[in-house]
Amino acid sequence: MRPDLVLLLCLLCAGCGTAGGGRSLPASAQGEPLYLVNHGLHTGLVLPAAGLERRLPGLAEHFPGASFYEVGWGDRVFYQTEEAGSGLALRALLWPTASVVHLVPLSSPPQHYFPELERVELRVSSAGLERLLDRVAASFARGSENRPGFTGPGLYGSGGFFDSRERYHLFHTCNTWVARRLADAGLPMRPALAITAGGLMRQARAAAMAGCCAKAGYDGTYFPAAG
């Protein structure tokens, strides 16, 4: 592989590991809760199940009993391939490719499912949450009866992959997608600085720790990774 491409891949993956350290901040009782989970290479956005189910016909039947959904997005081939190598990563980054949405149903908040992972809880307005849910639902490709197109089982739990209408590329990665959804909710995110999970989580931590959430109408809690 060309050295310059190897360097590009390394730079894009830099800072994707979970953070260790930091301090906890008290969560505000105001606003609607959103959760951001750092899985290392990608992030999961945890949303209330009822909001997505109202927008996506058949979702409640596919995942009965869900209280939340962890939502991820990414390149169709790379995201669904176990032990995906650098060749697939470069293919996904260097030109636009098809994408999928990853959904994992949760019956309780993410701290019960991902206690070892870094998590950030953010609060948004009701209107902001509705905008975010609209944009997440709009990413799903629809099939018969306007239902989202299921493509296969997910990476963990009882999750699943669904076809997305969007295209994945260097400047529209799994993490910039999440950053845009948070910006849709009114949070002060800069997607251009969120190409990696590390870049996205740094913005979320900074927002929570700096208290800038008050200006944007939200408040947040930062939960550092265990250990």
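None of the values given here were measured: they were computed from a predicted structure.
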Verdict with reasoning, Met189 to Leu200, per side chain to side chain contact (heavy atoms under 4.5 Å, CB included): CA-CA 8 Å; Met189 306 301 295; Leu200 174 58; 3.4 Å; yes

Can you tell me if [X] uses its side chain to pair, donor with acceptor, with the backbone of [Y] under 3.5 Å?
{"X": "Thr151", "Y": "Phe161", "answer": "yes"}
{"X": "Asp184", "Y": "Gly128", "answer": "no"}
{"X": "Arg55", "Y": "Gly51", "answer": "yes"}
{"X": "Thr43", "Y": "Ala197", "answer": "no"}
{"X": "Arg119", "Y": "Phe114", "answer": "yes"}
{"X": "Gln203", "Y": "Arg190", "answer": "yes"}
{"X": "Ser139", "Y": "Val136", "answer": "no"}

Which heavy atom of [X] sits nearest to which heavy atom of [Y], and what is that distance?
{"X": "Ala49", "Y": "Ala66", "result": "CB-O, 3.3 Å"}
{"X": "Pro57", "Y": "Asn146", "result": "CD-O, 3.6 Å"}
{"X": "Cys174", "Y": "Tyr168", "result": "N-CE1, 3.4 Å"}
{"X": "Ala179", "Y": "Ala194", "result": "CB-CB, 3.8 Å"}

Nearest-0.5 Å distance, OG of residue Ser158 to NE2 of residue His62: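 Ser158 atom OG to His62 atom NE2 measures 8.5 Å (nearest 0.5 Å).
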
Gap separating the OG atom of Ser164 from the CZ atom of Arg76, nearest 0.5 angstrom: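 One finds 9.0 Å between OG of Ser164 and CZ of Arg76.
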
Ring pair (Phe, Tyr, Trp, His ring centres under 6.0 Å) contacts in which one or both residues fall within residues 124-149, not counting sequence neighbours: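 Applying ring pair (Phe, Tyr, Trp, His ring centres under 6.0 Å) to every pair that reaches into residues 124-149, excluding sequence neighbours, yields Phe140-Phe162.
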
[X] vs [Y] side-chain heavy atoms within contact, under 4.5 Å:
{"X": "His39", "Y": "Leu117", "answer": "yes"}
{"X": "Glu70", "Y": "Tyr35", "answer": "no"}
{"X": "Leu193", "Y": "Thr176", "answer": "no"}
{"X": "Leu45", "Y": "Val37", "answer": "no"}
{"X": "Leu36", "Y": "Leu182", "answer": "yes"}
{"X": "Pro48", "Y": "Leu129", "answer": "yes"}
{"X": "Leu34", "Y": "Glu121", "answer": "no"}
{"X": "Ile195", "Y": "Asn175", "answer": "no"}

Close aromatic pair by centroid cut-off 6.0 Å: Phe68 and His112: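 Ring centroids of Phe68 and His112 are no less than 6.0 Å from each other.
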
From CA spacing to verdict: ring pair (Phe, Tyr, Trp, His ring centres under 6.0 Å), Trp73, His172: CA-CA 10 Å; Trp73 179 88; His172 189 37; 4.6 Å; yes

If you measure from the Lys or Arg side-chain nitrogens to the Asp or Glu carboxylate oxygens, is any gap between [X] and [Y] under 4.0 Å?
{"X": "Glu130", "Y": "Arg54", "answer": "yes"}
{"X": "Asp163", "Y": "Arg142", "answer": "no"}
{"X": "Glu166", "Y": "Arg180", "answer": "no"}

Trace of the side chain to side chain contact (heavy atoms under 4.5 Å, CB included) decision for Val104 with His102: CA-CA 7 Å; Val104 179; His102 185 245; 3.3 Å; yes

Shared hydrophobic cluster, Tyr156 / Val46 (ILVMFWY, side-chain heavy atoms < 4.5 Å):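 Yes; Val46 is reachable from Tyr156 via cluster members.
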
Residues forming a ring-ring contact (aromatic ring centres under 6.0 Å, His included) with Phe63, sequence neighbours excluded: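 Checked Phe63 against ring-ring contact (aromatic ring centres under 6.0 Å, His included); matches are Tyr69.
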
Side chain to side chain donor-acceptor pair (under 3.5 Å) between Asp75 and Thr97, intermediate numbers included: CA-CA 6 Å; Asp75 173 78; Thr97 56; 2.4 Å; yes

Pair Leu132-Val124, side chain to side chain contact (heavy atoms under 4.5 Å, CB included): steps then yes or no: CA-CA 10 Å; Leu132 185 157; Val124 301; over 6 Å; no

Step-by-step side chain to side chain contact (heavy atoms under 4.5 Å, CB included) determination, Ser108 to Tyr113: CA-CA 8 Å; Ser108 56; Tyr113 288 86; 3.4 Å; yes

Within 6.0 Å of CZ in Arg135, more than 12 heavy atoms from elsewhere: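 For Arg135, atom CZ is not crowded (no more than 12 foreign heavy atoms under 6.0 Å).
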
Those residues that, when tested against Ser67, pass side-chain hydrogen bond (donor to acceptor under 3.5 Å, both in side chains) (two or more places apart):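 Listed in chain order: nothing, the list is empty.
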
